[in-house]
Peer 1: 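Quick one: the structure is below, and I'll ask about it shortly.
Values reported hereafter were calculated over all heavy atoms of this structure, with side chains retained and with hydrogens, waters and symmetry mates removed.
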Amino acid sequence: MLIRYGYEMTLTCPQPTALVCLLSVHEERGPDIRAPETFFTTPDVPSSTYRDLFGNRCRRLVAPVGDLMIWGDATIKDDGELDPVHFEAREVPVPELPDDCLVYLLGSRYCETDLLSQTAWDLFGALPPGWGRVQAICDFVNGHIRFDYQQARSTRSAFDAYRERVGVCRDFAHLAVAFCRCLNIPARYVNGHLGDIGVPVVDPMDFSAWIEVFLDGAWHTFDPRNNVRRIGRIVVARGRDAADIPLINSFGPHVLKSFRVWTYEVDGAPQI
């Protein structure tokens, strides 16, 4: 299938403000792109791209005083299959993990392993290790947190989400990542596009957050927010948590004036 995805957002800045944006599809999906990304700003400002420490594509620009509209749009080919499952996948002992996995065992800004370690072992320590234990973590997080856009808060951490029992997709992801790391299972935070393909449309489209967990020598997708297999995930960026991969890093004050995201199957879908 073909999936069209994109975004439009307008920022208002009181002074010229440097921005770093993580909005483009991850380079691993480059071969699947069918209509290359169209990117522009209004007013037109120069930009450049680079790769960060996690391999994400970042765009640098300077927003002028006043409004800046940022637009991106592309079409990608997808296999149309549900997220794969590997029930037999086993946990890898820490001494056998690849070097580049070790950073995903450590506590981070939004994933306080020190505060959640005992809770994680109390809840999941007795379960058989492997895919089933990770799924049990996602089942717990999905049932423990109530999804509520109106309760979104940029400072909420995994420990906060565990105590408050409310949040948005990033909070579900942070808590599941933290629990996995507490059990010595490498886990990383992912954001990207996830259209309502094969499921009812219930909310306005937004960027989504889910997790990837290292089992049996490979990274596997889990989604504690939806907790069902989905079609058409498009990874934008990966990191230790949301602090590593904000959609926009602003080096100065700004106000988000408008924000729109679209992700849909091209054939038979309404145009934006």
Peer 1: With the threshold set at 4.0 Å, does a side-chain nitrogen-carboxylate oxygen contact exist between Asp244 and Arg109?
Peer 2: no
Peer 1: Considering all heavy atoms of both residues, which atom of Pro36 and which atom of Ala74 are nearest to each other, and what is their separation?
Peer 2: C-CB, 4.1 Å
Peer 1: Please answer whether the main-chain N or O of Ile245 pairs with a side-chain N or O of Asn191 as donor and acceptor at a distance below 3.5 Å.
Peer 2: yes
Peer 1: Do Ser108 and Arg181 have side-chain atoms, one donor and one acceptor, less than 3.5 Å apart?
Peer 2: yes
Peer 1: Asp83 and Arg229: which non-hydrogen atoms are nearest, and at how many Å?
Peer 2: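 Residues Asp83 and Arg229, closest heavy atoms: O-NE, 2.7 Å.
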Peer 1: Report yes or no: is the cationic atom of Arg170 (NZ for Lys, CZ for Arg) under 6.0 Å from the centre of the six-membered ring of Tyr189, at an angle within 45° of the ring normal?
Peer 2: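 Relative to the ring axis of Tyr189, which defines the angle, Arg170 lies outside at least one limit.
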Peer 1: Which donor-acceptor pairs under 3.5 Å do side chains of residues 130-143 form with protein atoms, sequence neighbours excluded?
Peer 2:
residue	atom	partner	partner atom	Å
Arg133	NE	Glu91	OE2	3.0
Arg133	NH1	Phe124	O	3.3
Arg133	NH2	Glu91	OE1	2.9
Arg133	NH2	Glu91	OE2	3.1
Gln135	NE2	Asp139	OD1	2.9
Gln135	NE2	Asn227	OD1	3.0
Asp139	OD1	Asn227	ND2	2.9
Asn142	ND2	Pro224	O	3.1
Asn142	ND2	Arg225	O	2.8

Peer 1: Is the closest side-chain heavy-atom distance between Val177 and Leu175 below 4.5 Å?
Peer 2: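 They are not in side-chain contact.
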Peer 1: Kindly write out the residues that satisfy ring-ring contact (aromatic ring centres under 6.0 Å, His included) with Phe147, not counting sequence neighbours, or none if the list is empty.
Peer 2: Tyr149
Peer 1: Would Asp122 and Thr119 count as having a side-chain donor-acceptor pair, cut-off 3.5 Å?
Peer 2: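 No, Thr119 and Asp122 have no side-chain donor paired with an acceptor closer than 3.5 Å.
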Peer 1: How close do Glu8 and Trp262 get, counting heavy atoms only, and between which atoms?
Peer 2: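 In this case the closest contact between Glu8 and Trp262 is N-CZ3, 3.8 Å.
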Peer 1: What's the shortest heavy-atom distance between Val168 and Asp148, and which atoms?
Peer 2: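 Of all heavy-atom pairs spanning Val168 and Asp148, the closest is CG1-O, 3.6 Å.
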Peer 1: Checking side chain to side chain donor-acceptor pair (under 3.5 Å) against Arg4, which of Thr75, Asp73, Thr263 comes through?
Peer 2: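 So, applying the side chain to side chain donor-acceptor pair (under 3.5 Å) to Arg4 and each of Thr75, Asp73, Thr263, only Asp73 qualifies.
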Peer 1: Taking 4.0 angstrom as the limit, do Glu212 and Arg238 come out as a salt bridge?
Peer 2: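 Looking at Arg238 together with Glu212, the answer is yes, because their closest N to O distance falls below 4.0 Å.
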Peer 1: How is the hydrophobic cluster of Val62 composed, in terms of its other members, when Ile, Leu, Val, Met, Phe, Trp and Tyr link through side-chain heavy atoms under 4.5 Å apart, directly or indirectly?
Peer 2: none
Peer 1: Inspect the contact between Lys77 and Asp32 and indicate whether a charged nitrogen and a carboxylate oxygen are less than 4.0 angstrom apart.
Peer 2: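 Salt bridge absent between Asp32 and Lys77.
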Peer 1: Please report the shortest heavy-atom distance between Tyr162 and His144, naming the atom on each side.
Peer 2: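 Shortest heavy-atom contact: O-NE2, 2.7 Å.
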Peer 1: Does the side chain of Pro253 come within less than 4.5 Å of Gln15's, by heavy atoms?
Peer 2: yes
Peer 1: Any salt bridge linking Arg230 with Asp196? Criterion: basic side-chain nitrogen under 4.0 Å from a carboxylate oxygen.
Peer 2: yes
Peer 1: I'd like a table of donor-acceptor pairs (distance under 3.5 Å, sequence neighbours excluded) in which one partner is a side-chain atom from residues 40-49, with atom names and distances.
Peer 2:
residue	atom	partner	partner atom	Å
Thr41	OG1	Pro43	O	2.8
Thr41	OG1	Val45	N	3.0
Ser47	OG	Arg59	NH1	3.0

Peer 1: Side-chain contact test, heavy atoms from C-beta onward, threshold under 4.5 Å: evaluate it for Leu97 versus Leu102 and give yes or no.
Peer 2: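 The answer is yes, as the side chains (C-beta and beyond) meet within the 4.5 Å cut-off.
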Peer 1: Tell me every residue that passes salt bridge (charged side-chain N to carboxylate O under 4.0 Å, His left out) with Asp206, counting only those two or more places apart in sequence or in another chain.
Peer 2: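 Once residues adjacent in sequence are excluded, Asp206 has no partner under the salt bridge (charged side-chain N to carboxylate O under 4.0 Å, His left out) criterion.
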Peer 1: For His254 and Leu11, work out which heavy atoms get closest and say how close.
Peer 2: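 Nearest pair, atom of His254 first, then Leu11: CD2-CD2, 3.8 Å.
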Peer 1: Using a 3.5 Å distance criterion without hydrogens, assess whether the side chain of His174 forms a donor-acceptor pair with backbone atoms of Ala242.
Peer 2: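 Yes, because the side chain of His174 sits within donor-acceptor range (under 3.5 Å) of the backbone of Ala242.
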Peer 1: With clusters defined by side-chain heavy atoms of hydrophobic residues (ILVMFWY) lying less than 4.5 Å apart, directly or transitively, does Phe207 cluster with Phe39?
Peer 2: yes
Peer 1: Membership question, hydrophobic clusters at under 4.5 Å side-chain separation (ILVMFWY): are Met1 and Ile33 in the same one?
Peer 2: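 Ile33 clusters together with Met1.
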Peer 1: Among residues at least two apart in sequence or on other chains, which ones pass ring-ring contact (aromatic ring centres under 6.0 Å, His included) with Trp121?
Peer 2: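 With sequence neighbours excluded, Trp121 shows a ring-ring contact (aromatic ring centres under 6.0 Å, His included) to no residue whatsoever.
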Peer 1: Can any side-chain N or O of His220 pair as donor or acceptor with the backbone N or O of Leu215 at less than 3.5 Å?
Peer 2: yes
Peer 1: Are Asp78 and Arg233 within salt-bridge range, i.e. N to O under 4.0 Å?
Peer 2: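 So Asp78 does not pair with Arg233 through a salt bridge.
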